2 protein chains.
Amino acid sequence: MSKPAKLPRPARQDNRRQLVLDAAAAHFRARGFHAVSMREIARAAGMIAGSIYYHFPSKEDLFLAVYEEGVRSISARVREAVAGTDDPWERLSRACRAHTGMLLEESDYAQVILRVFPDDVPAARATLVALRDDYEMLFRELVDELPLADGVNRAMVRHMLLGALNWAKFWYRPGGMTPGEIADAMVAVLRNPAQSNEVRTDA
Amino acid sequence: MSKPAKLPRPARQDNRRQLVLDAAAAHFRARGFHAVSMREIARAAGMIAGSIYYHFPSKEDLFLAVYEEGVRSISARVREAVAGTDDPWERLSRACRAHTGMLLEESDYAQVILRVFPDDVPAARATLVALRDDYEMLFRELVDELPLADGVNRAMVRHMLLGALNWAKFWYRPGGMTPGEIADAMVAVLRNPAQSNEVRTDA
DNA sequence: TGCTAAAACAAACAAACGTTTGGTTTTTAT
DNA sequence: ATAAAAACCAAACGTTTGTTTGTTTTAGCA
């Protein structure tokens with residue numbers, strides 16, 4: 001008989017892994033990957049730089065963990081938002097509101113996705129791109145469900161919508177339009193003609 | 001009488017300031033501000049790191065010079081593009097094609113604007129934001145000229161358009177749609193209704 | 001209570017960073 | 001031809017970087 005395999009002792013309850021992750025998310029979101037040092041993250045978590053390496057093997061791995069949580073959380077939030085209805089436009093609107101809310105206000109983790117480019121983290125590049133692509137697939141499905149005019153390029157509609165929403169981080173200011181209002185406005189422009197000579201008021 | 005002010009001797013003709021600037025633009029565009037070192041830029045220009053400081057007092061100043069040239073060049077290109085016509089939609093279309101072409105293909109300098117955030121360069125932050133705002137003012141005027149339906153939020157239209165175009169850098173691939181086609185497609189979505197039940201074929 | 005592994009600290013590492021200093025070459029105006 | 005300034009090189013500066021190593025503290029189970 002082989003010896004009974006030793007079960008690894010469970011993690012302590014006072015361990016600060018989550019604290020490190022939160023601090024990393026906050027810093028990466030605010031200043032990007034390269035501008036943030038391990039020492040800054042450690043200090044924000046009340047630790048010393050070397051201690052982080054007990055939980056994460058490298059700075060890039062730490063970042064990857066943050067990014068993964070970012071995608072996971074925004075993905076979950078959007079799925080939950082669209083669950084309530086079957087109307088295609090309403091589902092898209094809800095998804096956009098959730099998406100924009102997370103990216104502009106609610107989550108440091110999600111905002112990291114907009115702040116850091118995959119090329120900033122060479123070792124994790126492919127993984128980051130794959131994660132983001134996975135998330136965008138959600139919107140691909142939502143746009144595919146829409147009743148659009150024949151010949152409308154749905155990929156283009158998706159790219160336009162996500163681009164417009166993501167870019168809002170550059171002009172969004174707290175106190176002005178809320179993320180939800182911004183999302184609604186963008187969807188409305190997509191849905192309705194903007195050109196005056198094509199506008200018709202139902203008579 | 002004061003002595004006649006000495007005229008500063010003009011710059012030599014073989015000086016490599018422009019070479020440094022080009023190398024810096026190429027590197028900053030590809031990898032951002034913090035990931036690029038002065039030594040890399042110098043090597044690409046066939047020099048040594050310290051030599052750059054003869055032409056630029058600091059890394060941030062070098063970057064600022066690149067960014068300024070980026071804004072200047074894309075601004076000039078767009079102005080030249082719209083000069084040929086008075087039709088508001090045509091002017092916007094031409095501006096968008098020029099804008100997108102510069103940002104996706106033509107100019108390393110212009111692409112730096114999309115790659116580096118003002119916060120990455122603290123000492124130049126305010127200047128960078130001002131430069132970008134100045135450039136966007138061009139599009140503000142173009143959108144203001146459009147014959148849009150009453151109640152359409154023109155700032156939102158502008159933000160949506162620029163966001164959609166700028167974001168294209170994340171999915172644009174050479175060999176697919178050209179920058180010009182992308183710009184046309186985005187303007188078309190703005191101009192025409194996407195929703196099927198509002199589409200009318202003239203009978 | 002005492003043992004063990006988890007989780008942290010303290011300190012150092014080599015490498016890379018932006019920048020400075022001082023000297024050398026090269027062009028240009030006189 | 002000469003002097004002066006422009007343009008660069010060579011080498012080092014002090015600091016910061018991500019990471020490693022060895023040691024200490026501490027929580028949880030027997």
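Every chain is numbered from 1 and lettered A, B, ... according to where its sequence line falls, protein lines coming before strand lines. What you see below is based on every heavy atom in this structure, not just the backbone, and it leaves out hydrogens, waters and symmetry mates. Since the model is a prediction, treat every value here as computed from it, not as a measurement.
- At least one side-chain nitrogen or oxygen of B:Tyr53 sits closer than 4.0 Å to the OP1 or OP2 atom of C:dT19.
- Nearest nucleotide to the side chain of A:Met47, out of D:dA6, C:dC9, D:dC8: C:dC9.
- Out of D:dC8, C:dA10, D:dG18, the shortest distance to the side chain of A:Ile48 is found at C:dA10.
- Scanning for ring-ring contact (aromatic ring centres under 6.0 Å, His included) contacts around B:Tyr54 gives an empty result, with sequence neighbours left out.
- Around the CZ atom of B:Arg79, the shell of radius 6.0 Å holds no more than 12 heavy atoms that belong to other residues, nucleotides or ligands.
- Between A:Arg17 and C:dA8, a side-chain N or O to OP1/OP2 separation shorter than 4.0 Å is absent.
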What string of B, S and - do you get for nucleotides 25-30 of chain D, 5' to 3', if B is base contact, S is sugar-phosphate-only contact and - is no contact with any protein heavy atom under 4.0 Å?
-BBB--

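- Put simply, the side chain of A:Val66 does not reach to within 4.5 Å of the side chain of A:Val116, judged on heavy atoms.
- Judged by distance alone, the side chain of A:Arg154 and the main-chain N or O of A:Val143 form a donor-acceptor pair under 3.5 Å.
- Of the residues in residues 23-39 of chain B, B:Val36, B:Ser37, B:Met38, B:Arg39 come within less than 4.0 Å of DNA chain C through at least one heavy atom, sorted by number.
- Looking at B:Asn166 and B:His99, their side chains do bring a donor and an acceptor atom within 3.5 Å of each other.
- Between A:Asn15 and C:dA7, a side-chain N or O to OP1/OP2 separation shorter than 4.0 Å is present.
- In this model, no donor atom of one side chain and acceptor atom of the other lie less than 3.5 Å apart for B:Tyr109 and B:Glu68.
- Taking the six-membered ring for Trp and the full ring otherwise, A:Phe56 and A:Phe63 have centroids separated by 6.0 Å or more.
- Around atom CZ of B:Arg140, no more than 12 heavy atoms belonging to other residues, nucleotides or ligands sit under 6.0 Å away.
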